[in-house]
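Heads up, the thing below is written out as structure tokens.
Order of appearance sets the numbers: ligands from 1, and atoms from 1 within every ligand. As the structure is a computational prediction, the values presented were derived from the model and not from experiment.
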Amino acid sequence: MNVVILAAGMGKRMQSALPKVLHPLAGKPLLQHVIDTARELAPSKLCVIYGHGGAAVPEMVKLQNNGEHATIDTALQEPQLGTGHAVMQAAPQLDDNAPTLILYGDVPLTTSASLRRLVEAAGSDKLAILTVEQANPFGLGRIVREGGNIVRIVEEKDASEAERAIREINSGIIVAPTRQLKEWLGSLSNNNAQGEYYLTDIVAKAVADGVPVVSAHPSAEWEVAGVNSKVQLAELERRHQLNKANVLLEQGVTLMDPARIDIRGTLVCGRDVTIDVGCVFEGRVELADGVTVGAHNVIVNASIAAGAQIKPFCHIEGAKVGPKSMIGPYARLRPGADLAEDVHIGNFVEVKNSTIAAHSKANHLSYVGDATVGSRVNIGAGTITCNYDGVNKYRTVIEDDAFIGSDSQLVAPVTVGKGATLGAGTTLTKDAPAGKLTISRARQMTIDAWQRPVKIKK
Ligand code: UD1
Ligand code: CA
């Protein structure tokens, strides 16, 4: 099968310098949604028609060509003389022996199941249109039927009053036999209210040629909803998020409010996972059995192991959280944070590029960067690994059972030996031997004769 994606329109109502089809929905460009859905149908040819926005669209398409799927071609439509004219730009690239499916780059949520139904309805020799009954069909092309059969499509601006009363609309998504499609496109005229070459005029031509015209229907109206403005983009974003939330609910995930979750990527959940409101998941995130995620967490490309608890207001990116660990509130796990079982990371603690072994804790106000931390280590409040001299990064090693007193600075490279204790306020510049107390702190003294200055009243 051939697939043509129309993406040349300028999208003026988006009020943006970015071409419309590159605006993100769930963190992914609209056009990317359409390409991904098209690829589920394994087309032999896929061609994107672009126009407005210069090289941005073909550049984005080029990134898709990584060898895993059939290469996507692009064709420039300049000037933009209508949807029929747009499809014509792809004609030289289409294989006559397979039907052609036409999609819109600004209609992101069509499901591959609906497209399969349409393709099946078309077979190899019919014209098939994805149509919907709409309560408010204003602005859209109407499906004109005679004796139940589709005979043509009429655009809002060209329609009679009687035709405007028709509620069955053209989604724009069409499958046509390719050889005839090319002939029909070649004979289009722009003799209509908008002076455009309408793709929709091929319907009357098919009827005239005795080619059967059939229809199929999506399972919901939002599948064929297009994006012309930020309002419509926001509406489809919520629709898409609600769809994702419903899939999670069906799988048994507890969402405190399915209307308040944002998944911009893939969220994989085990059994008995609970997610509170206001969380954002990006990239690939895995939440294993029994994980709870508190309110307002941002979790990006991370895996959270079974039974771990993420308390509210954490930012977790590129990190691994071990089983039964407790994170937050207000913790930050940066790329390379790799926590084992039952690790506690508390409020205002930042962990970067560090492994922390089982049962260790850093509960308050610390920075752990480029460190290897053993098991059962206690990192006191205010501890800082000084990992950076302005040019180079160095590692800190803290061995099993060490106890780091509060407000210590570990000036890397440095090692705290097994079972060592650092006194509070230590600035460690040399290794601390195992099993001993190391402390660097000016001796405390008391001045007996000292008197506080007093204010003299005038
Ligand atoms: C089109 C259909 C209409 C249908 C509606 C569904 C025609 C004549 N009309 O109307 O029956 O109900 O879609 O939304 O086909 N595009 C190009 N090049 C062009 C013109 C458009 O690439 O020269 C692209 C746009 O970027 C967009 C799509 O085609 O993705 C549809 O264009 P749009 O102007 O929105 O079509 P409508 O006139 O609204
Ligand atoms: Ca439109």
Side-chain angles (χ1 to χ4, degrees), residues 3-14 18-23 25 29-35 38 47-53 56-58 61 74-91 101-110 127 129-134 136-144 150 152-159 163-164 166-174 176 181 184-185 188-205 213 215 217-218 221-229 232-233 236:
V3 174
V4 178
I5 301 175
L6 304 191
M10 88 167 132
K12 206 166 142 197
R13 284 163 62 200
M14 296 299 277
L18 189 67
K20 176 164 76 176
V21 293
L22 298 186
H23 281 264
L25 182 139
L30 294 172
L31 178 57
Q32 177 85 62
H33 285 267
V34 182
I35 289 173
C47 183
V48 174
I49 310 298
Y50 71 100
H52 277 275
V57 172
V61 170
T74 55
L76 175 65
Q77 186 201 15
E78 181 57 58
Q80 283 100 46
L81 302 178
T83 49
H85 178 252
V87 178
M88 229 184 293
Q89 311 309 309
L101 166 65
I102 295 156
L103 301 174
Y104 288 2
D106 56 3
V107 178
L109 299 186
T110 322
L127 180 64
I129 310 167
L130 196 64
T131 77
V132 209
E133 292 270 347
Q134 276 192 352
N136 177 15
F138 179 79
L140 296 163
R142 308 297 206 284
I143 306 293
V144 181
I150 298 175
R152 61 196 169 88
I153 294 176
V154 62
E155 294 303 300
E156 173 85 28
K157 286 184 178 147
D158 302 292
E163 288 165 339
R164 284 189 187 145
I166 298 171
R167 294 195 304 127
E168 186 183 9
I169 62 95
N170 169 32
S171 70
I173 296 172
I174 288 178
L181 173 67
W184 298 328
L185 291 173
L188 288 179
S189 84
N190 62 352
N191 181 18
N192 53 51
Q194 301 183 80
E196 288 182 4
Y197 295 92
Y198 289 166
L199 175 63
T200 45
D201 284 350
I202 67 171
V203 176
K205 289 176 190 290
V213 181
S215 61
H217 315 288
E221 243 183 63
W222 49 259
E223 283 199 41
V224 296
V227 173
N228 296 301
S229 65
Q232 290 170 341
L233 181 60
L236 285 194

Practice problem: Under the ring-ring contact (aromatic ring centres under 6.0 Å, His included) rule, collect the residues that match up with H52, sequence neighbours excluded. | Solution: none
Quiz item: Is ligand 1 less than 4.0 angstrom away from at least one heavy atom of L81?
Solution: yes
Quiz item: Considering distance alone, does some N or O of G139 sit under 3.5 Å from an N or O of ligand 1?
Solution: no
Exercise. Check whether any N or O atom of N170, backbone or side chain, sits under 3.5 Å from an N or O atom of ligand 1, and answer yes or no.
Key: yes
Quiz item: Rounded to the nearest 0.5 Å, how far does OG1 of T110 lie from CD of E223?
Solution: 6.5 Å
Quiz item: Just which atoms of ligand 1 are under 4.0 Å from any heavy atom in T200?
Solution: 7 (C), 8 (C), 9 (N), 11 (O), 15 (O)
Quiz item: Quick one: does D106 get an N or O within less than 3.5 Å of an N or O on ligand 1?
Solution: yes
Quiz item: In terms of atom number and element, which parts of ligand 1 are under 4.0 angstrom from non-hydrogen atoms of L6?
Solution: 22 (O), 24 (C), 29 (O), 30 (O)
Quiz item: Numbering the atoms of ligand 1 from 1, which are under 4.0 Å from a heavy atom of A86?
Solution: 17 (C), 18 (N), 22 (O)
Quiz item: Counting heavy atoms only, which part of A8 comes closer than 4.0 Å to ligand 1: side chain, backbone, both or neither?
Solution: both
Quiz item: Nearest heavy-atom pair of I143 and I166: which atoms, and what distance?
Solution: O-CG2, 3.4 Å
Exercise. Before signing off on this row, confirm whether Y104 and ligand 1 have an N or O atom pair separated by under 3.5 Å.
Key: yes
Quiz item: salt bridge (charged side-chain N to carboxylate O under 4.0 Å, His left out) with E168: which residues, sequence neighbours excluded?
Solution: R145
Self-check item: I49 N/O under 3.5 Å from ligand 1 N/O
Solution: no
Quiz item: Which option out of K157, Q77, E155, H85 puts a heavy atom nearest to atom 38 (O) of ligand 1?
Solution: E155
Self-check item: G9 N/O to ligand 1 N/O under 3.5 Å
Solution: yes
Quiz item: Going by heavy atoms, is I169 under 4.0 Å from ligand 1?
Solution: no
